[in-house]
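Computed from a prediction, not measured in an experiment: that's the story for all the values here. Both ligands and their constituent atoms are indexed starting at 1 by order of listing.
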Amino acid sequence: MGRSQVLVAALALLGGSSAAPLEARAPPATFPANPAIGYGGSVYRDSAHFRVYGRNDQRADTALRMLETAYDCYVNALGYRSTGLSFNDATDGDGPWTKINVYSVATLPGAAGVMHSDAGTGMAWLEVQQDYLTTPGVVVHEFGHGVHYHQKTWVNQGRTGAWWETFANWFADTYATSNLCATSRNNNGIAAGATMIDLRKTIGDSFQVIVDGTAGSGNYYQAWPFFTYLTNNPDNLSGLGRDTLRLMMTRYAANSNETPLHTLQRVAGSTSVARIVGRYWARMAYVDLAYPSAHQAWLSQRGSLNYANVDATGNGSYRVKAARRPQYMGANIVPLRATSSSIRVTIQASGAYTATLAIYRAGPSTRYVDVVNGAASATLASGEQATLVVANTPSLILFDPFSLSTQARTGLDYSFILTGATVA
Ligand SMILES: *[C@@H]1O[C@H](CO)[C@@H](O)[C@H](O)[C@H]1NC(C)=O
Ligand SMILES: *[C@@H]1O[C@H](CO)[C@@H](O)[C@H](O)[C@H]1NC(C)=O
């Protein structure tokens, strides 16, 4: 017990039993369960912070181990507000604390899992179709929604709506693959899992709005590698790092209905969102996110991805295809074929953009050359290849991914001239 804690204990004694707590109490090792959240039931299995209803078997145990791993990583290691604390609790420190109820159900129309919130208790609860009870992309994803709900600020804000899915998939993928959760996985006997990255969508449709919630064609389930970029911060941009997603929630302006990109700008301080988004897309040229299994996925899939973003207009000039113009914070990734060791690009565009020559050599090693005032040049060493990346990075706008405005969907029209290279 530290010196100040001794003092607090002594003051509390002097004040008698009615004294207000002077310091936050540590949460109990095990939270009480509340069967009134959801359906309740007589068959269940408990862990310290969760109760699985509907079964009391090995699969329930496995699910609980996964959930406790995610809890340990996100709450204990990364500092997210505990899911034991009510959404309605304004003081946090002294609880009350409650387990998250997870219902294993035989059928769940139209979904493998769903998160509910109980308004009275301010608690998230989950339903998971029983076949997916131990699938991290479902059970940890749904718990990710629960964590999101318990952080409070991105709730009931229309413009954060689609970002729920982006966050939950980032949450599940980071749980399974990131070193950030390795200690939690090891402590619970959970092996690292496979990457959930969907390059066909994230690269093949990179021109879309960075988080697009359009039914049928949107990318909101697949856009999370952007969050991995913010978290892993391979460019060491000031203001970014392992806490960025949590800070994008804690520093969201309450009830402002701002977009998470506005909050990101507050978190990143002097690093502009345009710079961040531009460099994220540049790194997606070779899926170079300090995330080795995602890079491996790219190595095996690169030949089948859609990179047909521009048309040749003759004499080394190219223009973006009208249907592939990068929309708000989206980009085009344009692999080049060098014809000389010296390459140069000059760009003309209809609006603000961030463009980069991404240069790669198997190994992998990468380097990035910014396009400045419409031009960039590079000298390629033996074995190096280059890709031009053009991102549409205007000033921040308010946009609802579920209902994209014309402004958000308007693509960047641009053309460029290459010397020493052609479009591959
Ligand atoms: C970022 O910092 C790490 C650790 O200091 C270093 O290894 C890495 O090369 C840096 N990356 C860049 C792009 O500067
Ligand atoms: C092609 O480009 C070269 C170098 O920029 C220029 O000298 C030449 O006139 C151009 N030819 C045509 C047909 O535009």
Quick one: which residue pairs count as a salt bridge (Lys or Arg N to Asp or Glu O under 4.0 Å) with a foot in residues 331-352, not counting sequence neighbours? none
Tabulation required: pairs of a nitrogen or oxygen in ligand 1 and a protein nitrogen or oxygen under 3.5 Å; columns are atom names and distance to 0.1 Å; otherwise 'none'.
| from | atom 1 | to | atom 2 | distance (Å) |
| --- | --- | --- | --- | --- |
| ligand 1 | 2 (O) | N236 | OD1 | 3.2 |
| ligand 1 | 2 (O) | N236 | ND2 | 2.3 |
| ligand 1 | 11 (N) | N236 | ND2 | 2.9 |
| ligand 1 | 14 (O) | N236 | ND2 | 3.3 |

For residues 279-295, pull every pair meeting salt bridge (Lys or Arg N to Asp or Glu O under 4.0 Å), keeping only residues two or more places apart or in separate chains. D235-R279, D235-R283, R279-D370, R283-D288
Reference residue W298; test ring-ring contact (aromatic ring centres under 6.0 Å, His included); the match among Y291, Y286, Y307: Y286
Q130 and S104 have their tightest heavy-atom pair at CB-OG, 3.4 Å
Pairs of donor and acceptor atoms involving the side chains of residues 353-361, under 3.5 Å and at least two apart or interchain, shall be tabulated with distances.
| from | atom 1 | to | atom 2 | distance (Å) |
| --- | --- | --- | --- | --- |
| T354 | OG1 | T393 | OG1 | 2.7 |
| Y360 | OH | H295 | NE2 | 3.3 |
| R361 | NH1 | S382 | O | 3.2 |

Could you tell me if the side chain of M115 sits less than 4.5 Å from the side chain of Y149, heavy atoms only? yes
